[in-house]
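Chain letters run A, B, ... following the sequence lines, proteins first and then strands; every chain starts at 1.
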2 protein chains.
Amino acid sequence: MADSQDVQAPRPLRRDAERNRQRILRAAREVFTTRGLQASLDDVARHAGVGVGTVYRRFPDKESLAQALFEERIEAMATLAEQALAEPDSWGGLMSFLDGACAHLAADRGLHQILMYASYGKDLTARARARMQPLVTALVQRAQRDGKLRPDLHPTDMLFIELMISAAARYAEPVRPEIWRRYLALITDALRPGRDVTTPLPEPPLEPQEMAEVMRSIPHRSDPGGPP
Amino acid sequence: MADSQDVQAPRPLRRDAERNRQRILRAAREVFTTRGLQASLDDVARHAGVGVGTVYRRFPDKESLAQALFEERIEAMATLAEQALAEPDSWGGLMSFLDGACAHLAADRGLHQILMYASYGKDLTARARARMQPLVTALVQRAQRDGKLRPDLHPTDMLFIELMISAAARYAEPVRPEIWRRYLALITDALRPGRDVTTPLPEPPLEPQEMAEVMRSIPHRSDPGGPP
DNA sequence: GGTAACCGGAGAAGATATCTCCATATGGAC
DNA sequence: GTCCATATGGAGATATCTTCTCCGGTTACC
């Protein structure tokens, strides 16, 4: 209890070390963005122009690196939701959020993996949920109160829409990277209430607790169990 | 040019060999269904109760096995489309097809991989396209002529819908294997024409040739390039 | 009963990814 | 300028997997 503020004060890292740390993070962002989380730390090292040893000294394993990136990504998503919530038009806000989230996910091959990376230690997906859930719920409920959004939709449905759209984006990415907008527009059309034909939705939405399980679907290592 | 009909008449396979061949195919169906194409041939062999050698003697590599399964899967899909086309109601037919195709894809983890497996030698996806494209086009155009389907949709859109839904199914499979029906119903709602609000779709649909590229997106081996 | 065809499965060969080690280099306190 | 705690690079030890081969022993069929 001498000087530190919390638990963080081991030593300020030598200047070259800190510079390399930043390089590594930048490289990881790029590599994971284009190739996904299954890229090896060797790849990241090469991309950063440092040795593997340097990477492993700073980040014991891929999970640590993912965790470091996790924070900023979640924050970007949360900011998106907050800005959407600040828009006066509830429908427009919801659309902005969906569009922005899908754009992020479409452009970043590793993002959904980072967001859904099941981490043994601290459950990152729990943090993601804690941060995002209230915002998305607010967006959804506000639009529903205004009668702009089908009342039978649930906040968890928004996440599924994002997952579906980003899957489409990943499939089409080499051919037509923007085609996902077509399908988002299509789905979006189905979200409005009071159309002449509205099919009652079969299957109740996923409860948050179920969604939590889905969010943990990407296993560590390159265990070929996770879906996309 | 002595006795054969085409190119097929090397020797009728000894009885035990044929029995094992069938066992292997059955095992491959099961293993690929539950774990996807990245299961190893050793897994298939173990599941079939035969030695790896036996598998490799019959199927030089995983591609050969996939190819053998490919035929029956494509045929099942084509049958689905033909039955849908035989239904008098064009909208109902299209829905039957979408529902059936999504159900197949949701229940079979390896199916979309088999259908989209880029094969060096004979281009299987080309065969799939040749078989399916006319049927799906007929289904779509018939519904559009009847005014039951938005006119701005294209046959390739149906495939994308199937891909998106099956991605959702794979994500949710351990938690709620049937939730995909919820999202199919949602999308389906957006397919009808003449609703009070119809957003014009941005991005033109994929041309068949572009779709062909998308279909070849799953690389050989376990090359971590393919999307889901 | 003879033999061609077949079987099983150990293990060779090849890929990859993870992570360690240590000789060498460098920042920065004094 | 000196010194040494702190860093660095990258070869290579480990570990894990899959694919595919090989061959002694077995089996179907005439």
Measure from the side chain of [X], starting at C-beta and using heavy atoms only, and say which of [options] lies closest.
{"X": "B:Thr54", "options": "D:dA7, C:dC7, C:dG28", "result": "C:dC7"}
{"X": "B:Arg14", "options": "D:dG9, C:dC6, D:dC20", "result": "C:dC6"}
{"X": "A:Ser40", "options": "C:dG28, C:dA17, C:dC7", "result": "C:dA17"}
{"X": "A:Arg58", "options": "D:dG9, D:dA28, D:dA7", "result": "D:dA7"}
{"X": "B:Asp61", "options": "D:dC20, C:dC19, D:dT8", "result": "D:dC20"}

Over how many whole Å does the gap from [X] atom [atom1] to [N] atom [atom2] extend?
{"X": "B:Asp16", "N": "D:dG25", "atom1": "CG", "atom2": "P", "answer": "19 Å"}
{"X": "B:Gln38", "N": "C:dT16", "atom1": "CD", "atom2": "C1'", "answer": "16 Å"}
{"X": "B:Asp43", "N": "D:dT19", "atom1": "CG", "atom2": "C1'", "answer": "12 Å"}
{"X": "B:Asp42", "N": "D:dC17", "atom1": "CG", "atom2": "C1'", "answer": "9 Å"}
{"X": "B:Arg21", "N": "C:dC7", "atom1": "CZ", "atom2": "C1'", "answer": "17 Å"}
{"X": "B:Leu65", "N": "D:dC20", "atom1": "CG", "atom2": "C1'", "answer": "14 Å"}
{"X": "A:Leu41", "N": "D:dA11", "atom1": "CG", "atom2": "C1'", "answer": "17 Å"}
{"X": "A:Phe59", "N": "C:dT18", "atom1": "CZ", "atom2": "P", "answer": "15 Å"}

Is any side-chain nitrogen or oxygen of [X] closer than 4.0 Å to OP1 or OP2 of [N]?
{"X": "B:Tyr56", "N": "D:dT19", "answer": "yes"}
{"X": "B:Lys62", "N": "D:dT18", "answer": "no"}
{"X": "A:Asn20", "N": "D:dA7", "answer": "no"}

Give me the one residue out of B:Val44, B:Ile114, B:Val31 that meets side chain to side chain contact (heavy atoms under 4.5 Å, CB included) with B:Leu65.
-> B:Val44
Specify the residue among B:Arg19 and A:Arg23 whose closest nucleotide of DNA chain D lies further upstream toward the 5′ end.
->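 With B:Arg19 and A:Arg23 compared, the 5'-side residue is A:Arg23.
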Want to settle it: does B:Pro60 or B:Arg57 sit nearer the 5' end of DNA chain D, counting the closest nucleotide to each?
->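 Closest to the 5' end, via its nearest nucleotide, is B:Pro60.
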May I have the step-by-step check of salt bridge (charged side-chain N to carboxylate O under 4.0 Å, His left out) for A:Asp157 and B:Arg182, ending in yes or no?
-> CA-CA 9 Å; A:Asp157 293 327; B:Arg182 180 176 174 87; 2.6 Å; yes
On DNA chain C, check which nucleotide each of B:Gly51 and A:Val52 is closest to and give me the residue with the more 5' one.
-> B:Gly51
Report yes or no: does A:Asp61 contribute a side-chain atom to a donor-acceptor pair with the main-chain N or O of A:Ser64 at less than 3.5 Å?
->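 Yes: the side chain of A:Asp61 pairs with the backbone of A:Ser64.
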Between the main-chain N or O of B:Met211 and the side-chain N or O of B:Arg216, is there a donor-acceptor pair closer than 3.5 Å?
->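 Such a contact is absent between B:Arg216 side chain and B:Met211 backbone.
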Out of curiosity, A:Ser166 OG to A:Arg109 CZ, how far, rounded to the nearest 0.5 Å?
->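 It is 10.5 Å, given to the nearest 0.5 Å.
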